[in-house]
**Student:** 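Take a look at this one; I'll ask things after.
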Amino acid sequence: MVKNENAFTTVSYNKGVLTLLDQTKLPIEEAYIDFKTVEGVARAIETMVVRGAPAIGVTAAYGIALAAHRGEDIGESHERLSRTRPTAVNLFWALDRMKSVWSQGATLSCIEKEAHDIYKEDVESCRKIGEYGAEFIDDGATILTHCNAGALATSEYGTALSVIRAAHNQGKKIKVFANETRPLLQGARLTAWELMKDGIDVTVVPDSALAHLLSKDLIDCAVVGSDRIAANGDVANKIGTRSVACLLHLHGRPLYVAAPWSTIDMSLENGAMIPIEERISKEITHIGETQVVPTGVKVFNAAFDITPVKWVTRIITELGSTGMDIQRDLLKQLLGKGNKK
Ligand code: MRU
């Protein structure tokens, strides 16, 4: 059983009010914000008050419920929310699911129920990902993770951090290295905060330390989340994940990608087709309000990169884990999923 100790609530919704834990303030302040307009929800996704692929999807679903509750135009709300962040396919997946309900003229309670179902299914998927993934984590292992794929990025438990939590809850003595994850420091600020709350041994390292850590034999494996996985198993995740994958491959260490099926986009043949978000230059030129890059210097701020499937050891979903032939096994999982319905 995956436990999420010292619980906090990333996303919640009640009668037309969406409440988000403001992730831009963590770890200094644990502040919750109430949203009562779709524009507010869209801005919260864009400015990363809420972030992480499954959490973005759940938030967008509740955004549609909020629109229905408050009498905002649902079609326009759908369109506005779909323009917030382009890479995490969970956003479009959740909006499509909501559309299949509201476009049939469903009642408010049916629309709200669909959003709650998306939330609850995400909790259950993340729990299962932890259970399936823990078997790949050895007792005594030191695990690298990049960005934040934890309870802050999902409804509960997380994806990569669910695997880590499950291994910890099984009594395995594990240690985690959290890449700080420039420029927005999701690893340093968020992953470290979550794991520390759960009493899991975590050490924050600069993104540039990995080659050194591997050369000293200090990393056994890496577990990361994903924003979108193409049909061939190529993985989009936070910028820097490709460097992690490349270095792990070079040192013969496994890379596990943990993600729910809502992250898999079978309509895209390979990773080159995944849209990569580019964000504002201020995220690079400034740390907080302090300018660290000379005024006028050009900046490139891609938020994600693509890791080729050849550098991925396994993909762990709520339906199980893939083996060596990731593409074939994803297809098998998809077929099994279809059979269950
Ligand atoms: O830009 P972010 O913070 O939304 O990026 C998040 C990530 O890259 C996560 O690893 C990914 O969404 C998986 S979250 C379970």
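Just follow the structure's listing: the first ligand is 1, and inside any ligand the first atom is 1.
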**Student:** Please verify the inter-ring angle class for Y62 with H116; under 30° counts as parallel, over 60° as perpendicular, anything in between as tilted.
**Tutor:**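 The rings of Y62 and H116 stand perpendicular, inter-plane angle above 60°.
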**Student:** Do the charged groups of K128 and E131 touch, with an N to O distance under 4.0 Å?
**Tutor:**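 Salt bridge flag = no for E131 with K128.
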**Student:** Which N/O atoms of ligand 1 sit under 3.5 Å from a protein N/O, and at what distances?
**Tutor:**
from: ligand 1; atom 1: 1 (O); to: R85; atom 2: NH1; distance (Å): 3.4
from: ligand 1; atom 1: 1 (O); to: R85; atom 2: NH2; distance (Å): 2.8
from: ligand 1; atom 1: 1 (O); to: K238; atom 2: NZ; distance (Å): 2.7
from: ligand 1; atom 1: 3 (O); to: R51; atom 2: NE; distance (Å): 2.9
from: ligand 1; atom 1: 3 (O); to: R51; atom 2: NH2; distance (Å): 3.3
from: ligand 1; atom 1: 3 (O); to: Q186; atom 2: NE2; distance (Å): 2.9
from: ligand 1; atom 1: 4 (O); to: G52; atom 2: N; distance (Å): 3.0
from: ligand 1; atom 1: 4 (O); to: R85; atom 2: NH1; distance (Å): 2.8
from: ligand 1; atom 1: 8 (O); to: D227; atom 2: OD1; distance (Å): 2.9
from: ligand 1; atom 1: 8 (O); to: N237; atom 2: OD1; distance (Å): 3.1
from: ligand 1; atom 1: 8 (O); to: K238; atom 2: N; distance (Å): 3.2
from: ligand 1; atom 1: 10 (O); to: N237; atom 2: OD1; distance (Å): 2.6
from: ligand 1; atom 1: 12 (O); to: A53; atom 2: N; distance (Å): 2.8
from: ligand 1; atom 1: 12 (O); to: D227; atom 2: OD1; distance (Å): 3.2
from: ligand 1; atom 1: 12 (O); to: D227; atom 2: OD2; distance (Å): 2.9

**Student:** For H78 and W102, take the angle between the two ring planes, folded into 0 to 90°, and tell me which bin it lands in: parallel under 30, tilted 30 to 60, perpendicular over 60.
**Tutor:**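 Plane angle over 60°, so perpendicular.
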**Student:** If a pair satisfies salt bridge (charged side-chain N to carboxylate O under 4.0 Å, His left out) and one of its residues is in residues 41-51, list it, with sequence neighbours excluded.
**Tutor:**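 Salt bridge (charged side-chain N to carboxylate O under 4.0 Å, His left out) check on residues 41-51 returns R43-E46, E46-R80.
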**Student:** Can a salt bridge be assigned to the pair E180 and R182 using a cut-off of 4.0 Å between side-chain N and carboxylate O?
**Tutor:**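 Answer for the salt bridge query: no.
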**Student:** Indicate yes or no: does D234 engage R242 in a salt bridge with an N to O separation below 4.0 Å.
**Tutor:**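 No, this pair does not count.
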